[in-house]
Amino acid sequence: ASVELTHRNRILVCAHRGYGPIPARCIGISALSSKPELCNRRVVMPSAVPSSRLRLRKDPLTHGARTILLSSGLLFLPACSQIAGLEGPDPARATPPGSAAPAADMPADETLPAAPPKDCGDVANDATNCGFCGHSCQGGTCTNGLCSTTVVARSSSRIGAFATDGVDVFTIESHAARACSIPAGTPDTCREIVTGDQLGQRLTELSRLIPDWNGWGGGGGPGGGGPGGPKKGIISMPALSPTAIALRGDRVFIADDEYEVLLSCPSKTPCTSAAMGLVHAESRDDDDDDDSSGMGRSLALTSSTIVWTAGDAIRAAFLPDPGDVETPFVSRRDATTDKTARVAAPGETDLLWLSEKGLHYANDPNVRTPEVWFSQPAVDFSFDDERVYLAASTGLFRVSRKDKSASLAATGNFGRVAVDAKGVFAAMADGSRTWVVEARAGELLRLAVVDGPIDELAVVGDHVYFMTRVGEGSEIHRVPR
């Protein structure tokens, strides 16, 4: 890493991870920009060295002098209050009110797309204007104002979560991770993305390079015979226990609780050892209270990092390249992360998470006091470039990412929400049934209805995808948006 303090009072940090020529990957921290969240904190740099090697703190040996110490790969800076023009941390300024008014007192959300026109004929049976003007069933039929849905994946056991790119649907179950091709039209015929044997083989290979990593191959893992015992044979490897799944580009990422790893595999080709990337997740809870432990049900991806829930903590690591292994460089656990239901990464270092304490935001995972963006109970959230939408039993709420103001987008009992650049979609309970709806200004447009709950919701391309329960199993449907 190289450091330069310029005459314009700007700290310019350029860093390089790996070997070869140092690329032009730099970030600037302006001493005149008043960013107290950078003071005395670890900095997470996009496309840079692991943040465990980069910290900002006041060096007690300098007695407050404005010096830069570069030693043993660690970069130390004086406290930000020691830099001209930059104030120290202000807890009052770091935590905005974040509490929305009661639903009945909130203004209607006028930022939603306008409601469709009403003068396009018979919307009950017209497949080009099904339910409302301009809603095409894209080759399907229209009955009673609803387009026919298509089952794109089915399992006799409960599907825990899914992700899709519009071509394939990727699912996790209690002991399997599968990919189902949408065009094939045979939702029962799906391939396994990776098996316990494949993952176990890779861990056994790694044990030769990383002694006793997770106990695999060194005698410390399940079936290993204790310290110094025999190495685990591939035939004894247990099945997977996946808890979360996500997609980015041509890679699928899976959090697995049995092996305490996150793994990435090609989304279209077999997941060989050479193609498999791993993160040693260190998933076990690090306190002694009686709460959740192990891998959580949420993970998020940026172009360079993976973020996931583990027990009552939120952790992050660099995305592993095929064949490589990464370890977490951030672990955040405090009262705001207890029982986190979902985590998202709107930027390279930004974090949003929804816990029992509400929706929180931090522009650096290590910020001591995160911002509270929404303090009412909610069960799910999704976001676009300007807003965050939250599903709650008291309504569908919207929070501005700019000024943190909250408004009511729609009334009802909402369990899931999915947002893209073109629309806001949600699952709304109605007695024993659940509707898939699109939120427009002053109106909810109904797209589909099912008996029972909707467990997951996603919008990709021209379709909305949703997961329902069928007996002891699950089905994933899609309907034109």
Side-chain angles (χ1 to χ4, degrees), residues 150-155 159-203 239-259 261-279 281 295 297-308 316-326 342-345 382 418 420 456-467 474-478:
T150 303
V151 178
V152 295
R154 178 186 293 121
S155 176
I159 296 175
F162 76 90
T164 181
D165 56 5
V167 178
D168 297 298
V169 176
F170 304 87
T171 68
I172 56 172
E173 302 172 29
S174 58
H175 296 294
R178 296 189 172 93
C180 306
S181 178
I182 294 175
T186 55
D188 296 296
T189 306
C190 304
R191 63 177 177 85
E192 289 198 77
I193 301 170
V194 63
T195 66
D197 280 351
Q198 289 173 306
L199 179 54
Q201 178 179 346
R202 180 57 180 152
L203 293 177
L240 300 176
S241 183
T243 62
I245 189 168
L247 284 173
R248 183 170 183 87
D250 60 355
R251 307 284 294 181
V252 56
F253 295 80
I254 301 166
D256 186 76
D257 198 43
E258 176 65 37
Y259 292 87
V261 298
L262 293 102
L263 63 152
S264 74
C265 291
S267 60
K268 309 299 181 184
T269 57
C271 192
T272 62
S273 291
M276 186 186 302
L278 291 172
V279 176
M295 304 297 289
R297 293 180 56 81
S298 182
L299 64 86
L301 305 167
T302 73
S303 61
S304 62
T305 59
I306 181 170
V307 183
W308 69 97
F318 286 105
L319 292 181
D321 292 328
D324 285 351
V325 178
E326 295 283 354
R342 189 174 294 275
V343 64
S382 185
D420 68 0
E456 293 283 342
L457 186 74
V459 54
V460 177
D462 295 330
H463 291 88
V464 180
Y465 296 78
F466 56 97
M467 186 167 69
S474 298
E475 288 182 345
I476 299 173
H477 299 246
R478 76 173 184 179

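Closest non-hydrogen pair, I193 versus A179, comes out as CG1-N, 3.8 Å. For the pair V252 and P266, the tightest heavy-atom approach, listed with the atom from each and the gap, is CG1-O, 4.1 Å. Pairing each heavy atom of I172 with each of A244, the nearest pair is CD1-N, 3.3 Å. The two residues G166 and V460 have their closest heavy-atom pair at N-CG1, 3.9 Å. Of all non-hydrogen atoms in A300 and A344, the two that sit nearest each other are CB-CA, 3.8 Å.
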* To do: Would you please test V279 and I306 for side chain to side chain contact (heavy atoms under 4.5 Å, CB included) and show each step?
  => CA-CA 9 Å; V279 176; I306 181 170; 4.2 Å; yes
* To do: Test L240 against Y259 for side chain to side chain contact (heavy atoms under 4.5 Å, CB included), laying out the working first.
  => CA-CA 7 Å; L240 300 176; Y259 292 87; 4.1 Å; yes
* Give the C-alpha distance, both sets of side-chain angles, the deciding distance and a yes or no for side chain to side chain contact (heavy atoms under 4.5 Å, CB included) between S304 and L319. => CA-CA 5 Å; S304 62; L319 292 181; 5.6 Å; no
* To do: Check the pair I159 / M467 against side chain to side chain contact (heavy atoms under 4.5 Å, CB included), numbers first and verdict last.
  => CA-CA 8 Å; I159 296 175; M467 186 167 69; 3.4 Å; yes
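Here R297 contributes atom CZ and D257 contributes atom CG; the two are 11.5 Å apart, rounded to the nearest 0.5 Å. Within the model, atoms CZ of F466 and NE2 of H477 stand 5.5 Å from one another, a figure rounded to the nearest 0.5 Å. The distance from atom OG of S264 to atom CD of E326, rounded to the nearest 0.5 Å, is 10.0 Å. T195 OG1 to H175 NE2: the interatomic distance, rounded to the nearest 0.5 Å, is 14.0 Å. Taking OG1 of T269 as the reference point, atom CG of D250 lies at 8.0 Å (rounded to 0.5 Å). Atom OG of S241 and atom CD of E173 lie 12.0 Å apart (nearest 0.5 Å).
Formation of a donor-acceptor pair under 3.5 Å by the S382 side chain with backbone atoms of A418 is not found in this model. For R202 (side chain) and D197 (main-chain N/O), no donor-acceptor pair under 3.5 Å exists by modelled atom type. D321 places no side-chain N or O within 3.5 Å of a backbone atom of D324 that could act as its donor or acceptor partner.
Side-chain contact between R478 and V169 is absent, with no heavy atoms from C-beta onward closer than 4.5 Å. Using a 4.5 Å heavy-atom threshold, the side chains of V194 and M276 count as touching. Between L263 and F253 the shortest side-chain heavy-atom distance does not fall below 4.5 Å. Contact annotation: the side chain of L262 never approaches that of L278 to less than 4.5 Å [non-hydrogen atoms, C-beta and beyond]. F170 has its side chain within reach of S267: a pair of non-hydrogen atoms, C-beta onward, lies under 4.5 Å apart. The side-chain heavy atoms of P270 and Q198, taken from C-beta on, include no pair separated by under 4.5 Å. For the pair C180 and R154, the minimum side-chain heavy-atom distance is 4.5 Å or more.
Here D168 does not pair with R191 in a salt bridge; the nearest charged N to carboxylate O distance is not below 4.0 Å. Ion pairing of R178 with E192 is absent here, as no side-chain N (NZ or NE/NH1/NH2) approaches a carboxylate O to less than 4.0 Å.
The residue from I182, T171, T150 that alone fulfils the side chain to side chain contact (heavy atoms under 4.5 Å, CB included) condition with I476 is T171.
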